[in-house]
Amino acid sequence: MRRPLAGALIAAALAVPALAQQQEPFEPEGYRTDNYRAPVPATLEGARVLTTAEAEAIWRAKSGAFIDVLPRAPKPKNLPASTVWRDAPRKNIPGSIWLPDTGYGALPSAIDGYLQRGLAQASYGDKATLLVIYCLADCWMSWNAAKRALAYGYSNVAWYPEGTDGWEHAKLPTEEAQPEPRPEQ
């Protein structure tokens, strides 16, 4: 009776890693278009994936442009004039350019142009400049935006998947941020 039980336990132990591998996210062919706050892949083809220590080294050396793509809800156009609107505060990596709403899977043409202009500004028009693109941990927005930067022809793209969550967890400095002005939609 012990042998069948031992055999079953060994088979179960061998199956667990295989099941876990099936659960890991994979790189989609295109852009992620839903469930943006979910586990992200460990890779992004064509981009360098950064740890917090690597992102910090780039930041301290000032050897890359940091791009925050966390979305921000715009003030609704139909709010009564007497309604007080307060944007949610955002703290990001000091020196970053914040380009909200640029990490969605499908971008309206105005937002696509906004992202392209923002990346050109951050890189001073040099598509070989190191771009470090981030959002929050488990946020597909940064993965999508980094993939899009590669599609625009940027050759030195780094994706920081831990984003400000990893940065703050390491007790690194952040600063209050304001987004680059968005186009009217």
Could you check whether any side-chain N or O of [X] sits under 3.5 Å from a backbone N or O of [Y], counting only pairs where one atom can act as donor and the other as acceptor?
{"X": "Trp59", "Y": "Pro94", "value": "yes"}
{"X": "Tyr114", "Y": "Glu180", "value": "yes"}
{"X": "Arg72", "Y": "Ala88", "value": "yes"}
{"X": "Trp143", "Y": "Asp138", "value": "no"}
{"X": "Tyr36", "Y": "Thr33", "value": "yes"}
{"X": "Glu162", "Y": "Thr51", "value": "no"}
{"X": "Trp140", "Y": "Pro39", "value": "yes"}

For Glu56 and Trp167, run side chain to side chain contact (heavy atoms under 4.5 Å, CB included): C-alpha distance rounded to whole Å, both residues' side-chain angles, the deciding distance at 0.1 Å, then the answer. CA-CA 8 Å; Glu56 178 187 8; Trp167 193 263; 4.2 Å; yes

Can you name the nearest heavy-atom pair linking Leu50 to Ala158, along with the distance?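 Scanning both residues, the minimum pair turns out to be CD1-CB, 3.6 Å.
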
Do Val157 and Ile58 share a hydrophobic cluster, counting only Ile, Leu, Val, Met, Phe, Trp and Tyr and linking them when any side-chain heavy atoms are less than 4.5 Å apart?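 In one cluster with Val157: Ile58, no.
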
Is the shortest side-chain heavy-atom distance between Arg48 and Glu54 below 4.5 Å?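 Yes, side chains in contact.
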
For Thr164 and Lys91: C-alpha separation, side-chain torsions, deciding distance, then whether side chain to side chain contact (heavy atoms under 4.5 Å, CB included) applies. CA-CA 8 Å; Thr164 50; Lys91 288 188 172 190; over 6 Å; no

Taking the six-membered ring of Tyr31, is the NZ or CZ of Arg148 close enough (under 6.0 Å from the centre) and on axis enough (within 45°)?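 Yes, a cation-pi geometry.
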
What's the spacing between Asp126 CG and Tyr154 OH if we round to 0.5 Å?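 Atom-to-atom, Asp126:CG and Tyr154:OH are 9.0 Å apart.
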
Just verifying a value: how many Å separate Leu136 CG and Asp165 CG, rounded to the nearest 0.5 Å?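 Leu136 atom CG to Asp165 atom CG measures 5.0 Å (nearest 0.5 Å).
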
Would you kindly say whether Tyr160 and Asp68 are connected by a side-chain donor-acceptor distance under 3.5 Å?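 Short answer, no.
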
